[in-house]
Every structure is written in C-alpha cells, then in structure tokens.
Amino acid sequence: MDRASIIFCVACVIVFVGVSWVAFPFAAMDPEEVALARTPQPAELLDMVDVGQGFGELPVIELMGYYVENPPVVAAGAAAAPEIKFGGC
C-alpha cells in the first residue's frame, strides 16, 4: 500500500469515530425508557394490536386468552423444522 491509501483509511476511521461519537446521544434511549423496557408490563396496560386481514385492532388480553384456549397444534408424526445453519462459502 502506498502512503496515500494509508492516510485515506486512517482518515476514514477517524471521521467515522467522530460522527459516531457526535450522533450517539441522538440515537441512544433515555435511562428511564431503558428501565421501563426492562420491566414487564401487565397485559391490561398494553395498547391495542392491529391483527390485520380484516380483524382490526384487538386488546392484548384477548389475544392471550385466545392463545391459551387454542394453543398451536403440531401435526402428529410431523418432523420438526430443520435447523438452518450458515454453511459459509
């Protein structure tokens, strides 16, 4: 590599770190918001969920009740979905 390429690469890294340092406070969440996100909320306090496909919006408590009453059915003898692994090149 010649000197100009090394200077260009170092300058790009410095500019990237500087922009990241300046922009991070604008992208970071407030500590209060992080604490609220880590605290489980009761289903009654959650907003309505748009289910789509003509069903409209439903409260989370109804969706949970439906899931408890009608759990997903796995077909008898059906093989489990294969585990997909990244094989590389």
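Taking hydrophobic clusters as Ile, Leu, Val, Met, Phe, Trp and Tyr residues chained together by side-chain heavy-atom distances below 4.5 Å, Leu46 shares a cluster with Val51. Taking hydrophobic clusters as Ile, Leu, Val, Met, Phe, Trp and Tyr residues chained together by side-chain heavy-atom distances below 4.5 Å, Val60 shares a cluster with Phe55.
Taking CG of Leu58 as the start and CE of Met64 as the end, the distance is 14.0 Å to the nearest 0.5 Å. Of the inter-residue distances, the one linking Asp47 atom CG with Glu57 atom CD reads 9.0 Å to the nearest 0.5 angstrom.
A 4.5 Å side-chain heavy-atom check between Asp2 and Ile6 finds every atom pair outside the cut-off.
For Asp30 (side chain) and Glu32 (main-chain N/O), no donor-acceptor pair under 3.5 Å exists by modelled atom type. Under the 3.5 Å distance criterion, the side-chain polar atoms of Gln41 are matched with a main-chain donor or acceptor of Thr39.
In plain terms, the two heavy atoms of Ala43 and Ile61 that are nearest each other are CB-CD1, 3.9 Å.
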